[in-house]
Amino acid sequence: MQIHLESPQQADVLALIAELDAYQQSLYPADSVYSLDLASLPPASLLFAVARDANGLAVACGAIVVTPEFGEVKRMYVHPDSRGLGLAQRLLAVLEAQALERGCRLLPLETGIHQPAAIALYARQGYQRRGPYGGYPDDPFSVFMEKPLALAA
């Protein structure tokens with residue numbers, strides 16, 4: 001499967017994001033779902049990666065929103081039919097490399113307590129738990145993590 005930076009404003013990608021939203025809404029109360037409307041962001045602040053299958057269909061995606069302080073990991077999702085192939089790890093690696101090139105030195109994220117696979121993925125990739133950041137409240141349904149990025153020596 002190929003992974004490339006793309007616009008999220010494509011029909012198959014928007015369908016994938018809608019699946020993510022429905023999934024999160026099935027797990028958490030509405031006020032504990034911190035979805036991000038990617039279309040509302042300036043394109044220069046968004047790194048959005050898409051994994052496509054052999055037929056070119058979007059099967060996984062992830063984003064990093066670049067701010068002056070950090071690059072926030074958002075919108076990570078792998079379609080259930082494509083799980084177990086290492087796509088989330090590969091997506092995250094592509095996004096981290098691009099964020100580092102943009103000058104990001106810290107990648108925080110918020111995920112939910114009912115997503116143990118996501119929490120385990122982030123932990124395996126070097127993310128450590130932290131407290132709330134930015135405008136997030138101290139939500140009992142949230143898990144906050146971060147990973148410092150370092151330049152290769």
- Non-hydrogen side-chain atoms of Gln98 and Cys104 separated by less than 4.5 Å: no
So ring pair (Phe, Tyr, Trp, His ring centres under 6.0 Å) across residues 83-110, not counting sequence neighbours, yields none
query = Do you reckon Leu47 sits in the same ILVMFWY cluster as Ile17, going by side-chain contacts under 4.5 Å, direct or chained?
reply = no
By salt bridge (Lys or Arg N to Asp or Glu O under 4.0 Å), Glu72 pairs with (sequence neighbours left out) none
Review point. Ignoring hydrogens and geometry, is there a side-chain-to-backbone donor-acceptor pair from Lys74 to Tyr34 under 3.5 Å?
Key: yes
Residues 56-65 side chain polar contacts: donor-acceptor under 3.5 Å, at least two apart:
none

Residue pairs passing the ring pair (Phe, Tyr, Trp, His ring centres under 6.0 Å) test with at least one member in residues 92-117, sequence neighbours excluded, are Tyr28-His114
In this structure, CG of Leu107 is separated from CG of Leu149 (nearest 0.5 Å) by 4.0 Å
Query raised in the report: Shared ILVMFWY cluster between Val73 and Leu95, side chains joined below 4.5 angstrom?
Result: yes
In short, side-chain hydrogen bond (donor to acceptor under 3.5 Å, both in side chains) pairs touching residues 38-63 with sequence neighbours left out are Glu6-Arg52, Gln10-Arg52, Asp12-Arg52
For Ser32, the side chain to side chain donor-acceptor pair (under 3.5 Å) test, sequence neighbours excluded, returns Asp139
task: Determine whether Pro108 and Leu106 make a side-chain contact, defined as any pair of heavy atoms from C-beta on separated by less than 4.5 Å.
output: yes
Contacts satisfying ring pair (Phe, Tyr, Trp, His ring centres under 6.0 Å) that involve residues 86-108 (not counting sequence neighbours) are none
Smallest heavy-atom separation, Ala118 atom then Thr111 atom, equals CB-OG1, 3.9 Å
Joint hydrophobic cluster, Val33 plus Leu27, side-chain heavy atoms closer than 4.5 Å = yes
Any side-chain heavy-atom pair of Tyr136 and Ser142 under 4.5 Å
no
Hits for side chain to side chain contact (heavy atoms under 4.5 Å, CB included) against Ala39, two or more places apart or cross-chain, chain-then-number order -> Gln9, Asp37
Taken to the nearest 0.5 Å, the spacing of Leu109 CG from Met76 CE works out to 9.5 Å
Residue pairs passing the ring pair (Phe, Tyr, Trp, His ring centres under 6.0 Å) test with at least one member in residues 50-93, sequence neighbours excluded, are Phe70-Tyr133
Separation between CD1 (Ile3) and CG (Leu91), nearest 0.5 Å, reads 4.5 Å
Val13 and Ser7 have their tightest heavy-atom pair at CG2-O, 4.5 Å
Contacts of Glu110 meeting salt bridge (Lys or Arg N to Asp or Glu O under 4.0 Å) (sequence neighbours excluded), chain-then-number -> none
Applied to residues 118-129, the side-chain hydrogen bond (donor to acceptor under 3.5 Å, both in side chains) test, sequence neighbours excluded, yields Glu96-Tyr127
Do Leu5 and Phe48 touch side chain to side chain, with heavy atoms closer than 4.5 Å?
no
Which donor-acceptor pairs under 3.5 Å do side chains of residues 81-90 form with protein atoms, sequence neighbours excluded?
unit_1: Arg83; atom_1: NE; unit_2: Val78; atom_2: O; d: 2.8
unit_1: Arg83; atom_1: NH2; unit_2: Val78; atom_2: O; d: 2.9
unit_1: Arg90; atom_1: NH2; unit_2: Met1; atom_2: O; d: 2.7

Here the pair of heavy atoms bringing Ala44 nearest to Arg102 is O-NH1, 2.7 Å
On a heavy-atom basis, the closest approach of Ile119 and Met145 is O-CE, 4.0 Å
